[in-house]
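Note that these values count all heavy atoms, side chains included, but never hydrogens, waters or copies made by symmetry.
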Amino acid sequence: MRHQLAAVVSAVLLGAVPATAFAEPVAPPQVQSDQVMAASIQEWLAEAAQWSGAYTGLMDARVERLTGLMDGGNRLMDLLNARKEREARAWVQSWAVEQKAAFAADYDAYAALPPHPPEAPASLGSEAEELRQDYVILRDRVGSLLIQTRTSGETYIDLVVAAASGRPNDLRALGSGTFTVMAAHLQAENVMMENVRGRAGEPNYYFTNCMLESNLAMIAWARAAEQRALGKPVDLAGVAATMRAHTSTARQSADDLATSIEQTGQLLASEPGLQGTPLLANLTGALDTLRRNAEVEHRIADEMDRLARAMQASDQAGQEASTISLNRLVDQRLALFQQRQALIAGTA
């Protein structure tokens with residue numbers, strides 16, 4: 001019973017229920033009711049969510065910082081268009097120093113976080129070590145993402161500084177640099193997610209696959225936009241086909257996510273040790289947020305297809321409308337993730 005409960009809980013979090021879960025021997029004898037065990041798991045979940053939340057919070061802050069860089073590029077162009085060249089050059093120098101210092105401070109904050117995740121309850125058996133390893137991988141991948149996006153971010157900062165000259169080549173490089181930074185960030189994000197998506201069969205695996213595929217579609221669009229900004233030829237039909245291939249895979253992953261959610265929900269409902277516990281209520285609520293995530297991922301795929309069509313038709317207004325809609329949908333995705341983390345931690 002105790003091993004089964006541990007396996008079910010693990011399926012909702014980071015890993016699938018092992019194929020041999022119900023064939024393994026019962027954990028070493030120890031007097032502990034299922035309700036007490038569920039309570040200890042909930043307590044650990046709260047600690048683990050707080051620990052991992054500090055790391056994922058740095059990721060969210062990095063996205064905001066990269067977005068803010070684009071605002072800096074826009075600010076420079078406003079000054080140049082207003083023929084305030086001297087003010088533009090003075091402003092951009094101080095702005096660049098501030099932005100690079102902020103990127104460095106992000107990594108300092110990362111280095112100052114507690115490096116070791118909280119120890120999982122012994123009642124989780126072999127799953128405890130697997131969960132610990134998953135959290136360690138998350139920690140390391142966040143660090144790598146911060147380093148990689150700092151490099152691409154500082155490259156863009158240098159492009160903004162150079163564009164203050166007003167020279168056509170520098171201005172053209174700045175225009176393409178926006179898309180370069182976008183593609184670099186999404187690629188770094190994918191490298192991180194590939195290492196923390198868990199195992200095939202569990203909900204998080206398919207949810208992560210949805211994000212990987214939609215990111216790949218957006219990377220294809222960004223790289224095409226980068227080349228066009230530089231005045232280089234682009235196979236628009238080929239890029240659009242690549243985007244549609246990724247959105248098709250994303251839709252299949254969203255369907256697989258919905259199926260996995262239902263299967264995991266049935267496991268929860270059939271586990272006597274969870275019935276009537278706050279842990280069951282929280283895990284059921286977490287599954288519901290994933291169910292809504294599956295719907296959002298379908299809408300993201302649909303909007304990405306509209307972006308592909310607009311790009312192929314050289315419809316600038318259509319592309320702008322789609323990117324705005326995609327940003328809103330990604331915000332919905334993030335809001336559901338944050339709600340899920342609060343439920344898992346028992347703080348919702």
- Query: Could you walk me through whether Glu213 and Arg197 pass the salt bridge (charged side-chain N to carboxylate O under 4.0 Å, His left out) check?
  - Reply: CA-CA 13 Å; Glu213 293 297 332; Arg197 59 180 157 179; over 6 Å; no
- Message: Given the ring of Phe207, does Arg340 sit roughly above its face, with NZ or CZ under 6.0 Å from the centre of the six-membered ring and within 45° of the axis?
- Response: yes
- Note on the structure: Between the CG atom in Asp288 and the CG atom in Leu336, the distance rounded to the nearest 0.5 Å is 9.0 Å
- Query: Does any non-hydrogen side-chain atom of Met311 lie less than 4.5 Å from one of Val234?
  - Reply: no
- Query: Are Arg333 and Ser214 linked by a side-chain donor-acceptor pair shorter than 3.5 Å?
  - Reply: yes
- Query: With sequence neighbours left out, what residues match Asp255 under side-chain contact (heavy atoms from CB on, under 4.5 Å)?
  - Reply: Gln252, His298
- Quick one: does Arg306's side chain have a donor or acceptor within less than 3.5 Å of a partner on Ser322's backbone? no
- Where is the tightest heavy-atom contact between Ala308 and Ala240, given as atom of each residue plus distance? O-CB, 3.9 Å
- For Gly72 and Val160, the nearest pair of non-hydrogen atoms, with its separation, is O-CG1, 4.3 Å
- Heavy atoms only: give me the nearest Ala220-Val239 pair and the separation to one decimal. O-CG1, 3.6 Å
- Item | Closest contact, heavy atoms only, Leu58 versus Asp106 | CD2-O, 4.2 Å
- Message: Tell me whether Arg65 is salt-bridged to Glu154, with the criterion being a basic N under 4.0 Å from an acidic carboxylate O.
- Response: no
- Task: Check whether the side chains of Glu129 and Gln133 place a donor and an acceptor atom closer than 3.5 Å, and report yes or no.
- Result: yes
- Query: Got Pro117 and Val136 here, is their nearest side-chain heavy-atom distance under 4.5 Å?
  - Reply: yes
- Check whether Ile137 and Met192 end up in the same hydrophobic cluster, where Ile, Leu, Val, Met, Phe, Trp and Tyr are linked by side-chain heavy atoms less than 4.5 Å apart. yes
- Task: Run the numbers on Leu279 and Leu45 for side chain to side chain contact (heavy atoms under 4.5 Å, CB included), then give the verdict.
- Result: CA-CA 10 Å; Leu279 179 59; Leu45 286 175; 3.6 Å; yes
- Message: Taking Leu290 as the starting point, is it possible to reach Tyr205 by hopping between hydrophobic residues whose side chains are less than 4.5 Å apart?
- Response: yes
- Item | Euclidean distance, Met193 CE relative to Leu138 CG, rounded to 0.5 Å | 12.5 Å
- Message: Do Gln42 and Thr277 make a side-chain contact, defined as non-hydrogen atoms from C-beta onward lying under 4.5 Å apart?
- Response: no
- Would you say Glu85 has more than 12 foreign heavy atoms packed within less than 6.0 Å of its CD? yes
- Is a side-chain donor or acceptor of Trp51 paired with a backbone partner of Pro118 at a separation under 3.5 angstrom? no
- Where Trp44 and Glu119 come nearest, the two heavy atoms and their spacing: CD1-O, 3.2 Å
- Message: Keeping Ser248 on the side-chain end and Arg244 on the backbone end, is there a donor-acceptor pair under 3.5 Å?
- Response: no
- Message: Would you call the rings of Trp91 and Trp95 parallel, tilted or perpendicular, taking 30° and 60° as the class edges?
- Response: parallel
- Item | Worked check of salt bridge (charged side-chain N to carboxylate O under 4.0 Å, His left out) between Asp315 and Arg309 | CA-CA 8 Å; Asp315 177 2; Arg309 289 194 296 270; over 6 Å; no
- Please lay out, stage by stage, how Asn169 and Arg172 fare under the test side chain to side chain contact (heavy atoms under 4.5 Å, CB included). CA-CA 5 Å; Asn169 285 346; Arg172 191 158 38 246; 2.5 Å; yes
- Is the backbone of Met37 close enough, under 3.5 Å, to the side chain of Ser40 for a donor and an acceptor to pair up by distance? yes
- Student check: side-chain heavy atoms of Thr155 and Val181 closer than 4.5 Å: no
- Task: Give a yes or no answer on whether the side chain of Thr284 reaches the backbone of Ala281 with a donor-acceptor pair at less than 3.5 Å.
- Result: no
- Message: So, using side-chain contact (heavy atoms from CB on, under 4.5 Å) as the criterion, who are the partners of Asp170 when residues are at least two apart?
- Response: Ala162, Ser165, Arg167
- Hey, mind stepping through Gln148 and Thr151 against side chain to side chain contact (heavy atoms under 4.5 Å, CB included) and telling me if it holds? CA-CA 5 Å; Gln148 292 166 352; Thr151 299; 5.9 Å; no
- Query: Are Val142 and Thr56 side-chain neighbours, meaning at least one heavy-atom pair lies under 4.5 Å?
  - Reply: no
- Item | Rounded distance [0.5 Å steps], CD in Glu297 versus CG in Asp302 | 11.5 Å
- Task: Is it possible for you to say whether Val296 and Phe337 belong to one hydrophobic cluster, with membership spreading through side-chain heavy-atom contacts below 4.5 Å?
- Result: no
- Query: Are any of the side-chain heavy atoms of Gln338 and Asp60 separated by less than 4.5 Å?
  - Reply: yes
- Do the side chains of Val92 and Leu79 get nearer than 4.5 Å, heavy atoms only? no
- Check the pair Arg291, Glu262 against salt bridge (charged side-chain N to carboxylate O under 4.0 Å, His left out), reporting the backbone distance first and the verdict last. CA-CA 9 Å; Arg291 189 174 292 107; Glu262 294 309 312; 3.1 Å; yes
- So which heavy atom on Tyr110 is nearest to which on Leu146, and how close? CB-CD1, 3.6 Å
- Task: Ignoring hydrogens and angles, tell me if any N or O in the side chain of Ser260 forms a donor-acceptor pair with the backbone of Gly201 under 3.5 Å.
- Result: yes
- Short side-chain to backbone donor-acceptor contact, Gln187 and Leu216, under 3.5 Å: no
- Query: Honestly curious: do Leu145 and Leu66 fall in one hydrophobic cluster under the side-chain, below-4.5 Å linking rule?
  - Reply: no
- Query: Is there a path of hydrophobic side-chain contacts, each under 4.5 Å between heavy atoms of I, L, V, M, F, W or Y residues, that connects Phe103 with Met59?
  - Reply: no
- Any chance you could measure His185, atom NE2, to Asn190, atom CG, to the nearest 0.5 Å? 9.5 Å
- Taking only Lys NZ, Arg NE, NH1 and NH2, and the carboxylate oxygens of Asp or Glu, determine whether Glu303 and Arg328 approach each other closer than 4.0 Å. no
- Query: Are the side chains of Thr149 and Glu189 in touch, meaning some heavy atoms are under 4.5 Å apart?
  - Reply: no
- Atom CG of Asp331 and atom CG of Leu326: how far apart are they, to the nearest 0.5 Å? 11.0 Å
- Query: For the atom pair CG (Leu307) and OG1 (Thr247), what is the distance rounded to the nearest 0.5 Å?
  - Reply: 10.5 Å
- Let me see the working for Asp158 and Lys100 under side chain to side chain contact (heavy atoms under 4.5 Å, CB included), right down to the final yes or no. CA-CA 10 Å; Asp158 292 340; Lys100 289 186 178 183; 2.8 Å; yes
